[in-house]
Amino acid sequence: MPASRRGSGAFTLPSGQVLAIHTRTQDEEDLPHATKKTMADHLRKYESLFTLTPQRMRMIVEAFKETLEIGLEKHGQIVPMIPTYVFGWPTGQETGEFLAVDLGGTNLRVCLVTLQGDGKFEVTQSKYRLTEEQKQGDGQDLFDFCASCLKTFIDSNFEEGSLQPNELLPLGFTFSYPCTQERIDQGTLIRWTKGFGAANTEGRDVAEMFRESLRKKALLMQTFQNVPVELTAIINDTTGTLIASAYVNPKTRVAVIFGTGCNAAYMERIGSIPKIKHLGLDDGAEMAINCEWGAFDSFVHEHLPRTKYDVTIDESSNKPGEQAFEKLISGRYLGEILRLVICELIDDGVLFLGQNTYKIEIPYALDTAFLSLMESDPTEELLMIIGIFTHFFALETTLAERQFFRALAKLVGRRAARLSACGIAAIVSKMGYLEDGCAVGADGSLYNKYPSFPDRVHEGLQDIFGDKGKRVLFLRTFVGSANNDEDSERQGYLHTCLNTRGSRL
Ligand code: GLC
């Protein structure tokens, strides 16, 4: 076998002209061998790589359960099982006005939520896309940006004089990264996840960093109000979703985020959290636990079925070894897994012979949203897939190739959903929720926008638990709301507010 080389490239000549080249990665005599294999043959190979049997899933569930228990027993474990200091469930009757800032994996959102009681609420919000510089720059600058956005939001949503002099609006900060907490209004960042790498932040209290940015803003700005807020709660998106889902459906027991990252929270009896026994809290009371399950199997890699594509993603990430579970599941990585398979077939001389493939060879060029578009292409000719490849990658495809891409997308998406089911099953089984059934609050772009994802998670639960798996129901949006993004975002803000309120009781 000749050594495999990338097939294409583009160079800028000193004259400014761009020269595109394509080099065959196989010697001429190898070509017939490479093309003899049909796409269906190739697909079979990937099927066996990406398919998870029910038996394998049950093994993963057992290992997961043990990991969750260890995290509750001892501090500093790989899956940290973080006590959140959010005590118990909401009643659904909470009322009031609250501000929330949500620093997620992709966007920053600022909003004002009015809780109206009876599970009803209203939201006004602004959304800002985070740049790569903000994600990788200095941490304090990132919080300065949050403070600026908040300031702009307050100025445009509160009329002059509408706040009493010295009145402080309670602010909840949804910070969706692993933080250890000693109180609800404090959180020390354990490590960045989801590709963030802002300097001078890991190991520091991010609530205090944000307060510092708010203070600076107050000194700098001389408009009608400074930044009249008091940061009263810092919470993870999963914890928030747990509380928000319970606000509308009291059967909620678990919450999962399937977005840029993947993680879960649930409510634990304090007596079952040995590592906080020294605090002398009431054993019978309950506290939400932010599992940070994305870290499951990190570093050791002994339980999860990693392919060489997963290994490549891990090794070329800014955090090799970390977030092993998340890297197989979340929206940040699924498109990249598919892209790596495609690149392998380009290298092997199977795909796009004679075409310039440089666009698809750019890391992370294939967004996870394309997977869901490919899967939901309703046309016989797979016109949507033609569009994706010609428009974004300047590549022509045959029908057989398009069918192959669609099937591949299914394999990658299905594996992600079934692995997620393993995590949910571990919590459900550990907590004994199967007999009576329970509701799982779910949110995130993957869950809301990838059409077959929810069904596949559900199917995975039935493969693990048999028919009883049907007793685990998923809640995507609020009762009476249409299933759309706006509702999902509305839910996001509601959760932060409920926790902000909780901290003030
Ligand atoms: C990552 C973060 C976690 C968050 C999840 C979903 O896993 O570490 O805190 O809940 O993404 O946003």
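Residues take their numbers from the sequence shown, with the count starting at 1. Indexing begins at 1, ligand by ligand and atom by atom, following the structure's order. Quick note: numbers below take in every heavy atom, side chains included, and nothing from hydrogens, waters or symmetry partners.
Within the structure, the salt bridge (charged side-chain N to carboxylate O under 4.0 Å, His left out) test picks out the following pairs touching residues 49-64 (sequence neighbours left out): E62-K65.
Contact shell of ligand 1 (protein heavy atoms, cutoff 4.0 Å): S176, Y177, P178, T193, K194, N236, D237, T238, I257, G261, C262, N263, E292, Q323, E326.
For S420, the side chain to side chain contact (heavy atoms under 4.5 Å, CB included) partners are F258, I329, F453, not counting sequence neighbours. With sequence neighbours excluded, the residues forming a side chain to side chain contact (heavy atoms under 4.5 Å, CB included) with D310 are R306, T307, L328, I337, R415, listed by chain and number.
Under a 3.5 Å cut-off, the side chain of D443 and the backbone N or O of I257 do not form any donor-acceptor pair.
Taking the ring centroids of F325 and F64, they lie under the 6.0 Å cut-off.
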- Task: Using the side-chain hydrogen bond (donor to acceptor under 3.5 Å, both in side chains) rule, take T260 and T106 through it: C-alpha gap first, then chi angles, then the decisive distance, then the call.
- Result: CA-CA 7 Å; T260 309; T106 311; 2.9 Å; yes
